[in-house]
Amino acid sequence: MKSLDGKVKKEKENGFASPQHMKSEPEDDFYHSPKYENCVFYVYFIEALRIGLIIFLNLVYSDFSSDGCILLIPGGKRRDTQTVVKWKFLEHKGPVFAPPYEPLPSNVKFYYDGKVMRLSPEAEEVATFFAKMLDHEYTTKDIFRKNFFKDWRKEMTAEEKAKITDLKKCNFSEMNEFFKAQWRSDVVFLCPEYGFCIMDNHRERIANFRIEPPGLFRGRGDHPKMGMLKRRIRPEDIIINCSKDSKHPEPPPGTRWKEVRHDNKVTWLVSWTENIQGSIKYIMLNPSSRIKGEKDWQKYETARRLKKCVDRIRNQYREDWKSKEMRIRQRAVALYFIDKLALRAGNEKEEGETADTVGCCSLRVEHIKLYPENDGQEYVVEFDFLGKDSIRYYNKVPVEKRVFKNLQLFMENKEPDDDLFDRLNTSILNKHLQELMDGLTAKVFRTYNASITLQQQLKELTNAEENIPAKILSYNRANRAVAILCNHQRAPPKTFEKSMQNLQTKIDAKREQLSDAKRELKSAKADAKVRKDEKSKKAVETKKKAVQRIEEQLMKLEVQATDREENKQIALGTSKLNYLDPRISVAWCKKWGIPVEKIYNKTQREKFAWAIDMADEDFEF
DNA sequence: TGGAGGACTTGGGGTCACTATC
DNA sequence: GATAGTGACCCCAAGTCCTCCA
């Protein structure tokens, strides 16, 4: 692990201040505070007899260290460390398990081949997973049905297995109706108890304190494992991570944890291994927590460092297009795509285990087409592939001649399903990037290009003369430019057409209202001209104000319609949450007097509390 | 050195609760 | 009070990148 010395030094040189909230300065009322530097001492007064001592010792003697972050000790003095300690003290209540299966009431029947059939509890539970999804497209997909049926049969008794041999003959509709009508039990009240933990004196919100319930795996795209049974997680599957000196969470009576460990070099509280892919799942802290906030801040600082050397890197990869070595040319062309098109790195994937999706390094020959000329443009590359979450990436872009020629070279004598960059993978690329800049990986380009685009677009689109709704439209347009760059798509909402129609009706009505109001104003003016008295003058003023008000309302509606239409298939949330340095948005709000609530909702404000604290209107990414 | 596993971020969709409208 | 529409929040899958070990 890298020493933090260099980082701290660099940050000092660059003039980065540590965000205010990252300092360890306990305040009261942390429970409702958007900041999270509040001490638990005040709220947990009763429990504090025991915890208090630890808190006190922590406050006095410890710093709050985090991997790669500036460390502060009480008094604000920075201290560097070699360790990768992420927390000093961690206490939590453990996870909340999915409620046990309750057999269906006897009036809810399952039919096989038109006849009522009573299922064993094990088989019935798995059947209910399918029944609950009956209205979903998944249950019409062959792979889903095949996987489900195979796993369902494993839960059946020998008798059931012999009888139930064809999924088509199964009728789950009564079960489906039953679940639709059922009142959903509310576990929100568990939140204050299980939804929080104590980490380094701070009461922190936990992101996902509930264990994922059993069900059918919903893989995306053409996932070969969709429909498989996600088994129930039991205490014996759970690894608890907490402080040695904390009050360990208790497993449910009569059970035990798989393991209790005290690893303060990781940030998770609970983990278990899921049975579909064999991957590990975690319970971690909410994005508003200090540990996540620091990481987020670091991410944007790395992207800002890239800004300083991006020209050098671009010059270098342009040079590398001419390299004698194929691997260097491939690396340089791939990097050009990552930089220009904000493509993801594209790790290798195990064939047949997941949906067939690719990123830059894993592009295949079949994913691009080359056009020496297309629609009056030279050297056009057409990309068409499925990216993360099987979202289609389609783009036709003119590229530089050397890139085009190189691509022709890379594609020579290859089959459509051969790798385009056969001498490259993400670890080779990232190793190279690491040499160009400390901490640089392919992902950083996406963050950098997203943030810099937002900043540029905001400068370009914001008009000082415009009112707040128009400025917010500009913001959304800038956000949209980033979402398009990053290919963040969404399925148009089901109610989209209808709601657009309703909005249009409102606009039409408002227009009519406006023309009525104008007509009234005109006649009031004429009246005032004849009568020349105070009363009629006043009437003119009133009518004028009415026209103005309606004009504003109409504009608001029109802006709303434009915004919604332009947003039909674009998802803004992902870029806002993960790629755009929040300080750009905060600075923009401050500069133009826009309430930050118009840009960020409550959750987002909590996540970006550090940026709201830090950024003034002059902030430059 | 490279492959596997682990830790963490990113991502779209689903659900729910709140608000507006009738 | 019922209903429709919507945004916020939750869920958990699917990525990226790092570490560890043979």
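All figures in this text were calculated on a predicted structure; none of them were measured in a lab.
- Across all strands shown, A:I391 has heavy atoms under 4.0 Å from sugar-phosphate atoms exclusively, and none from any base.
- Legend: residues meeting ring pair (Phe, Tyr, Trp, His ring centres under 6.0 Å) with A:Y393, ordered by chain and number and at least two apart, are A:F385.
- Partners of A:R261 by side chain to side chain contact (heavy atoms under 4.5 Å, CB included), not counting sequence neighbours, listed by chain and number: A:I239, A:N241, A:E259, A:D263, A:W268.
- Atom C1' of nucleotide C:dC11 and atom OH of A:Y282 are separated by 18 Å, given to the nearest angstrom.
- Computed from coordinates, the A:L269 CG to B:dC8 C1' distance equals 14 Å when rounded to whole Å.
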Fill in the blank from the handout: Going 5' to 3' through nucleotides 12-17 of chain C and flagging B where a protein heavy-atom sits under 4.0 Å of the base, S where only the sugar-phosphate is that close, and - otherwise, we get BBBSBB
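- Spacing between atom CD1 of A:I280 and atom C1' of B:dT9 amounts to 16 Å, rounded to whole angstrom units.
- By the side chain to side chain donor-acceptor pair (under 3.5 Å) test, A:N601 pairs with no residue at all, sequence neighbours left out.
- Separating the CD1 atom of A:I206 from the P atom of C:dC11 is a distance of 13 Å, rounded to the nearest angstrom.
- Per the geometry, CD1 belonging to A:I599 stands 14 Å off P belonging to C:dG7, to the nearest Å.
- Both the sub-6.0 Å distance and the 45° axial angle are satisfied by A:K141 relative to the ring of A:Y138.
- Spacing between atom CZ of A:R605 and atom C1' of C:dA8 amounts to 12 Å, rounded to whole angstrom units.
- Between A:L285 atom CG and C:dC10 atom C1' the separation is 17 Å, expressed in whole Å.
- Judged by a 6.0 Å distance limit and a 45° cone about the ring axis, A:K230 is not positioned over the six-membered ring of A:F217.
- Remark: A:R145 engages no residue in a salt bridge (Lys or Arg N to Asp or Glu O under 4.0 Å) (not counting sequence neighbours).
- Taking atom NZ on A:K299 and atom P on B:dT9, their separation rounds to 8 Å, with Å as the unit.
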Considering only distance and modelled atom types, tabulate donor-acceptor pairs under 3.5 Å from the side chains of residues 574-585 of chain A, sequence neighbours left out.
from	atom 1	to	atom 2	distance (Å)
A:S575	OG	A:N479	ND2	3.1
A:S575	OG	A:L572	O	3.1
A:K576	NZ	A:I599	O	2.5
A:N578	ND2	A:T574	O	3.2
A:Y579	OH	A:R446	NE	2.9
A:D581	OD1	A:R583	N	2.9
A:D581	OD1	A:R583	NE	3.0
A:D581	OD2	A:R583	NE	3.3
A:D581	OD2	A:R583	NH2	2.7
A:R583	NH1	A:E301	OE2	2.6
A:R583	NH2	A:E301	OE2	2.8
A:S585	OG	A:Y475	OH	2.6
A:S585	OG	A:Y600	OH	3.2

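- The phosphate of B:dG11 has OP1 or OP2 within less than 4.0 Å of a side-chain N or O from A:R446.
- A:Q489 comes within 4.0 angstrom of sugar-phosphate atoms only, judged by non-hydrogen atoms across all strands, and of no base.
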